[in-house]
K.L.:
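I am attaching a structure below and will ask some questions about it afterwards.
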Amino acid sequence: MSSPSPIDTDQPSSTVTALLQARRDKLAKLQELGIDPWGSRFDSSQAVASVRKEGESIAQDADDGPTVRVAGRIMLLRNAGRLVFLDLVDRTGRLQVMIGKKQVGPDAWPVVGCLDLGDIIGVEGRLGYSNSGEMTIFASSLTFLTKSLETPPDKYHGLVDPELRQRMRYLDLIHGEGVRDRFVARSRIIEAIRRVLTDRGYLEVEGPTLQETAGGAAARPFTTHHNALDMPLVMRIALELHLKRLLVGGMERVFELGRVYRNEGISPRHNPEFTMMEAYEAYGDYASMMDLTEAVLVAAAEAAGTPETFTWMGHDVSLKPPFPRKRYDDLLAEVTGCDPEDPASVATEASKHDIETAGRHPDVIKSELFEETVEKTLSGPIFVIDYPAAVCPLTKRKSDAPDIAERFELYVAGMELANAYTELNDPDLQEELFRTQLAGLSDDESMARMDHDFIKSLRHGMPPAGGLGIGIDRLVMFLTQASSIRDVILFPIHRPHTSG
RNA sequence: GCCCCGUUAGCUCAAUUGGUUAGAGCAUCUGACUCUUAAUCAGAGGGUUCCAGGUUCGAGUCCUGGACGGGGUACCA
């Protein structure tokens, strides 16, 4: 940003200059014709999809179709002398428009000569069919709305280069096959989740994204600084601890849909900022959260138009509820053949997978072994239930088995999609778990980061509760069958682009 | 962070084992056309082959370093 790269100071190539100059010339010509190339309000236009629907009931050879009015971007332009065909695209679809010199009149015709691919126009005219049977608006008037001064990508292939697609998402949305549909699906999915939760009496709330202590997950936070208070702050890595404070505060059913930030690696399944949904329900437990998770997934899939069964990332998945529920230890025994109850057996198995065992907590070893061996076999959706307690510092233990935490994770295609607990509400045990660093885990790796204010809130009494977290980006990936998280985030992170 | 691969015209892609002046389609410009639809036809212009070095008589092609991206891997219990 501070020092311009050499390429920036250079003149653009003559190709670019010629292409852009042609558009600038048309811009000037429009102004000469007394037309504002940046347009203005264009009322009473119909969505293309609804026009198309209307057109279905018109006879092919009818010449008395209704007059319609649409606005959109010119995606294709076919010039046949004193007759021009163009494909107009709006948010709902694509429709052909025919503009003839005779039909549109001598005042509007010069404007047609100024049209380029990418320009935005409004048209009004009779709806009917062309001689070749294509549904067409036969324009009787043309309203210029916005000039496009840059050249669009290849009209057939669109943008293919993944770098350009992400850096210029606006173009990707216009030209990419199914791109807009996928982001529409994302929006519908989030709508559906809100609906399921609010229908069940959950209240949507907003916690702080700038925090003193980044708790609720095991991740390295982004750090920042508040000048006026002269204090270091971190960006939140989870929503959990503030939502639980609200349970103490009597908001018995709360959820938050929000961005969290983790200063970690980037991959097809990880972006430094991503969207989480966490929900907490007083007087519930992890079993009630399983029901909620199923309801959310089924509603989200319906909203996204996801088929009930399909193959994704090499896994055959079925969204038909109820999803199978399997105990953590049983899966581990099934896949590895070791005895999960016996730390020595687990350690022996772990060594076979090059997992460090010396000086580490048996539950940590077990957890790593699980990830190494079991996760990738889980096509799902499947609830993995009852986790080793030592790796769950925020979770209530089973009353009859203190080594087991009432936690589940929902897996799909070997990937964690949701995570839920019966929430730990014993303040003394919570404080102890915060104090006791797990053997073999650094501070960054541990979820157990002391938060005195949170402990204090628990001492005032948090009702027994179930809590659920869902990774929204991964859910959207799954439901739209995307292979990269960057395909479901509108503006994924990138290095600044410096040439030369 | 590490490994592999990629980067050629505005866009999408070519270019034999290192060999003439780096080609094509779309887009752009000029011309023809009142039923086209990735319109068609005739012509024209358009290049820092990502950047910086090196090897060579000769580099888009080989070597070294760098930038950016993609995939994998690590971290993400």
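Chain letters run A, B, ... following the sequence lines, proteins first, then strands; residues in each count from 1.
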K.L.:
B/rC35, B/rC29, B/rG69: which one has an atom nearest the side-chain heavy atoms of A/Phe138?
P.N.:
B/rC35
K.L.:
Kindly say whether, by distance alone, the side chain of A/Asp154 makes a donor-acceptor pair under 3.5 Å with the base of B/rG25?
P.N.:
yes
K.L.:
Starting the side chain at C-beta, find the nucleotide from B/rU12, B/rG71, B/rC76 nearest to A/Glu264.
P.N.:
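Closest nucleotide to the A/Glu264 side chain: B/rC76.
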K.L.:
Phosphate oxygens OP1/OP2 of B/rC33: is one of them under 4.0 Å from a side-chain N or O of A/Lys101?
P.N.:
no
K.L.:
Does A/Glu349 come within less than 4.0 Å of A/Lys352, counting only side-chain N to carboxylate O?
P.N.:
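A salt bridge is present here (some side-chain N lies under 4.0 Å from a carboxylate O).
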K.L.:
Looking at B/rG10, I'd like to know if its phosphate oxygens (OP1 or OP2) sit under 4.0 Å from a side-chain N or O belonging to A/Arg23.
P.N.:
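False: A/Arg23 side-chain N/O out of range (4.0 Å or more) of B/rG10 OP1/OP2.
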K.L.:
With both distances under 3.5 angstrom, what nucleotide forms a Watson-Crick or G-U wobble pair with B/rC35?
P.N.:
none
K.L.:
Is there a donor and acceptor pair closer than 3.5 Å between the side chain of A/Gln21 and the base of B/rU28?
P.N.:
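A donor-acceptor contact between them is absent.
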K.L.:
For A/Arg435, is there an ion pair with A/Glu431 - N to carboxylate O distance below 4.0 angstrom?
P.N.:
yes
K.L.:
Using a cut-off of strictly less than 4.0 Å, decide whether A/Arg495 has a side-chain nitrogen or oxygen near OP1 or OP2 of B/rC68.
P.N.:
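Checking A/Arg495 against B/rC68: at least one side-chain N or O falls below 4.0 Å of OP1 or OP2.
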K.L.:
Ignoring backbone atoms, test whether A/His494 places a side-chain nitrogen or oxygen under 4.0 Å from the OP1 or OP2 oxygen of B/rG69.
P.N.:
yes
K.L.:
Partner lookup for B/rA42, please. Criteria are Watson-Crick or G-U wobble with both distances under 3.5 angstrom; report none if nothing qualifies.
P.N.:
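Base-paired to B/rU30.
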K.L.:
Closest approach of A/Ile404 and A/Ala389, non-hydrogen atoms and distance?
P.N.:
N-CB, 4.0 Å
K.L.:
Are any of A/Arg486's side-chain N or O atoms less than 4.0 Å away from OP1 or OP2 of B/rG71?
P.N.:
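True: A/Arg486 side-chain N/O within range (under 4.0 Å) of B/rG71 OP1/OP2.
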K.L.:
Is it the case that A/His270 and A/Glu264 place a side-chain donor and acceptor less than 3.5 Å from each other?
P.N.:
no
K.L.:
Could you tell me if A/Ser141 and A/Glu124 have a donor-acceptor pair between their side chains, going purely by distance under 3.5 Å?
P.N.:
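Their side chains do not contain a donor-acceptor pair, so the 3.5 Å distance test is not met.
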K.L.:
Among side-chain atoms of A/Asp25 and A/Gln21, is any donor-acceptor pair under 3.5 angstrom?
P.N.:
yes
K.L.:
With hydrogens left out and only the distance checked, is there a donor-acceptor pair under 3.5 Å joining A/Arg82's side chain and the base of B/rU34?
P.N.:
no
K.L.:
Does A/Lys155 make a side-chain N or O approach to OP1 or OP2 of B/rA27 shorter than 4.0 Å?
P.N.:
yes
K.L.:
Tell me: CZ of A/Phe274 to C1' of B/rC76, nearest whole Å?
P.N.:
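One finds 9 Å between C1' of B/rC76 and CZ of A/Phe274, rounded.
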K.L.:
At 4.0 Å (heavy atoms only), tell me whether A/Asp161 reaches a base, stays on the sugar-phosphate, or touches nothing.
P.N.:
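Touches sugar-phosphate only.
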K.L.:
Nearest to the side chain of A/Asn131, heavy atoms from C-beta on, is which of B/rG10, B/rU34, B/rC35?
P.N.:
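The nucleotide sitting nearest to the side chain is B/rC35.
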K.L.:
Report the base-pairing partner of B/rG25 (Watson-Crick or G-U wobble, both distances below 3.5 angstrom), or none.
P.N.:
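Its partner is B/rC11 (Watson-Crick or G-U wobble, both distances under 3.5 Å).
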K.L.:
Quick one: which of B/rC11, B/rU34, B/rC76 gets closest to the side chain of A/Gln103?
P.N.:
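Within the option list, the nearest is B/rU34.
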K.L.:
Which listed nucleotide (B/rG71, B/rC13, B/rA38) is nearest to the side chain of A/Val160?
P.N.:
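Among B/rG71, B/rC13, B/rA38, the one nearest the side chain of A/Val160 is B/rC13.
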K.L.:
Just compare B/rA38, B/rU34, B/rC76 and give me whichever is closest to any side-chain atom of A/Leu83.
P.N.:
B/rU34
K.L.:
Does the side chain of A/Gln96 get closer than 4.0 angstrom to OP1 or OP2 of B/rC35 through an N or O atom?
P.N.:
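For B/rC35, neither OP1 nor OP2 has a side-chain N or O of A/Gln96 closer than 4.0 Å.
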K.L.:
For B/rG18, which nucleotide is its Watson-Crick or G-U wobble mate, given both distances must be under 3.5 Å?
P.N.:
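Looking at the geometry, B/rG18 pairs with no nucleotide.
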